[in-house]
Amino acid sequence: MTRLISPLVPTLLPTDTGSKAMELMEENKLTELPVVVDEMFVALVKEDDLIDMDDPETALQDTGLLLTYKPAIPASAHPYEALRLMTQMELDVLPIVTFEQKYIGAITGATMLKYIADGSSIEVAGGIIVLEMEARNYSLYEIARICENEDVTIMNSQVYTTPEGTMEVTIKTNRTALEAVVSSLERHDYRIKEVFGDQKNMEDVMGKYNLLMNYLNM
């Protein structure tokens with residue numbers, strides 16, 4: 001978790017004013033900032049609350065803003081837990097603390113996005129296949145086996161459940177030429193929703209796929 005700490009998150013003191021907090025948020029393009037005293041996490045101050053202050057020159061400790069809003073995550077937690085909290089609470093900044101509430105640093109939306117991008121193998125050359133299926137038919141092991149039989153390695157996968165209850169499985173592969181593996185997936189009754197790879201190969205694949213679908217629907 002500590003590897004996700006951003007060096008660009010300044011901290012506030014309880015004696016800082018609302019206007020100073022707003023200035024720091026604007027300078028660093030953040031919507032929250034942590035309040036820290038003697039290395040201990042005190043609270044997280046939100047931009048919206050500062051905007052609602054009657055007098056922005058009032059010290060934070062005299063506003064009541066330091067009493068209740070204290071979202072933070074233990075340093076031992078997994079980054080996915082941080083992602084869940086930031087999404088649910090709509091946070092741009094999430095403090096990282098020890099069990100004793102000692103402030104270690106903070107994650108930002110930008111550092112979390114980089115973590116997701118790095119873990120998704122986005123910078124690795126390859127193709128993308130999006131499959132559509134019923135949840136009961138999902139087996140990453142089976143999909144990986146089919147790909148490996150065509151000398152294609154899955155670098156990353158993501159699963160999304162649609163409002164209708166079906167699953168969309170997105171797999172990032174190590175190859176852009178995907179004609180063979182797409183054909184193999186079709187033979188195993190997988191529905192191909194989208195394919196992103198070598199353009200010429202993909203046009204041929206989708207053309208053959210559409211012809212097959214037209215034939216089956218006759």
Side-chain angles (χ1 to χ4, degrees), residues 1-8 73 75-94 96 106-214 216:
M1 181 71 75
T2 55
R3 69 182 184 275
L4 300 181
I5 289 177
S6 171
L8 305 178
I73 190 165
S76 58
H78 192 278
Y80 281 2
E81 179 64 14
L83 178 61
R84 183 187 68 81
L85 285 176
M86 295 181 77
T87 301
Q88 287 185 349
M89 304 183 75
E90 298 182 348
L91 296 175
D92 191 34
V93 173
L94 180 63
I96 302 176
I107 302 172
T108 66
T111 55
M112 182 56 69
L113 182 60
K114 185 178 186 305
Y115 168 78
I116 295 171
D118 290 345
S120 299
S121 303
I122 289 176
E123 296 182 356
V124 178
I128 296 173
I129 303 173
V130 182
L131 308 173
E132 190 175 44
M133 67 193 70
E134 300 297 327
R136 64 178 181 272
N137 296 329
Y138 172 65
S139 170
L140 183 58
Y141 171 80
E142 177 67 14
I143 296 170
R145 185 186 65 79
I146 295 170
C147 291
E148 289 170 0
N149 286 342
E150 299 298 337
D151 200 24
V152 172
T153 300
I154 295 178
M155 307 299 295
N156 182 269
S157 67
Q158 294 182 344
V159 178
Y160 167 70
T161 302
T162 69
E164 294 76 23
T166 59
M167 293 181 68
E168 290 184 5
V169 181
T170 302
I171 56 175
K172 172 69 182 291
T173 69
N174 65 328
R175 295 180 178 274
T176 57
L178 301 174
E179 181 175 3
V181 71
V182 167
S183 297
S184 184
L185 287 165
E186 289 172 352
R187 288 196 301 272
H188 287 81
D189 296 325
Y190 283 100
R191 296 194 300 272
I192 310 297
K193 184 175 182 180
E194 293 178 293
V195 180
F196 304 91
D198 181 77
Q199 188 61 38
K200 183 178 184 305
N201 282 340
M202 289 308 101
E203 289 175 356
D204 291 342
V205 171
M206 296 313 295
K208 293 176 182 178
Y209 174 74
N210 290 331
L211 286 174
L212 175 60
M213 292 298 102
N214 290 334
L216 294 176

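All values below were derived from every heavy atom in this structure, side-chain atoms included, with hydrogens, water molecules and symmetry-related copies excluded.
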_Quick one, Met167 with Arg136, criterion side chain to side chain contact (heavy atoms under 4.5 Å, CB included). Give me CA distance, side-chain angles, the key distance, then yes/no._
CA-CA 9 Å; Met167 293 181 68; Arg136 64 178 181 272; over 6 Å; no
_Test log, rule side chain to side chain contact (heavy atoms under 4.5 Å, CB included), inputs Ile73 and Leu85_ = CA-CA 9 Å; Ile73 190 165; Leu85 285 176; 4.1 Å; yes
*Output, in order, the C-alpha distance, side-chain angles, deciding distance and verdict of side chain to side chain contact (heavy atoms under 4.5 Å, CB included) for Leu140 and Ser157.*
CA-CA 9 Å; Leu140 183 58; Ser157 67; 3.8 Å; yes
*I would like to know whether His188 and Tyr190 meet ring pair (Phe, Tyr, Trp, His ring centres under 6.0 Å); could you show each step before the answer?*
CA-CA 6 Å; His188 287 81; Tyr190 283 100; 7.2 Å; no
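Going from atom CZ of Arg145 over to atom CD of Glu150 covers 10.5 Å, rounded to the nearest 0.5 Å. Note that OG1 of Thr166 is 11.5 Å distant from CG of Asn137, once rounded to the nearest 0.5 Å. Rounded to the nearest 0.5 Å, atoms CD1 (Ile116) and CE (Met112) are 6.5 Å apart. Rounding to the nearest 0.5 angstrom, the gap separating the CD1 atom in Ile143 from the CD atom in Glu148 is 12.0 Å. Taking CD1 of Ile129 as the reference point, atom OG1 of Thr170 lies at 10.5 Å (rounded to 0.5 Å). In this structure, Leu178 CG and Thr173 OG1 are separated by 4.5 Å, a value rounded to the nearest 0.5 Å.
At a threshold of 4.5 Å between non-hydrogen side-chain atoms, the residues Gln158 and Tyr160 do not count as touching. The side-chain heavy atoms of Thr162 and Glu168, taken from C-beta on, include a pair separated by under 4.5 Å. A heavy-atom distance below 4.5 Å is not found between the side chains of Thr153 and Cys147.
Judged purely by atom type and a 3.5 angstrom limit, Thr87 uses its side chain to pair as donor or acceptor with the backbone of Leu83. A donor-acceptor pair is defined here as one N or O able to donate and one able to accept, closer than 3.5 Å; such a pair exists between the side chain of Ser183 and the backbone of Glu179. Put simply, the side chain of Arg175 gets close to the backbone of Asp151: a donor and an acceptor are under 3.5 Å apart. Formation of a donor-acceptor pair under 3.5 Å by the Asn174 side chain with backbone atoms of Gly126 is not found in this model. With hydrogens and angles disregarded, no donor-acceptor distance shorter than 3.5 Å links the side chain of Ser6 to the backbone of Ile107.
Listed here is the closest heavy atom pair of Ile192 and Glu186: CG1-CG, 3.7 Å. When all heavy atoms are compared, the tightest approach of Pro79 to Arg3 is CG-NH2, 4.3 Å. What you find for Ile96 and Ala75 is that their closest heavy atoms are CG2-CA, 3.6 Å. Residues Ala144 and Ile154 share a closest heavy-atom pair of CA-CD1, 3.7 Å.
Counting non-hydrogen atoms of other residues, nucleotides and ligands closer than 6.0 Å to CD of Glu90 gives a total of 12 or fewer.
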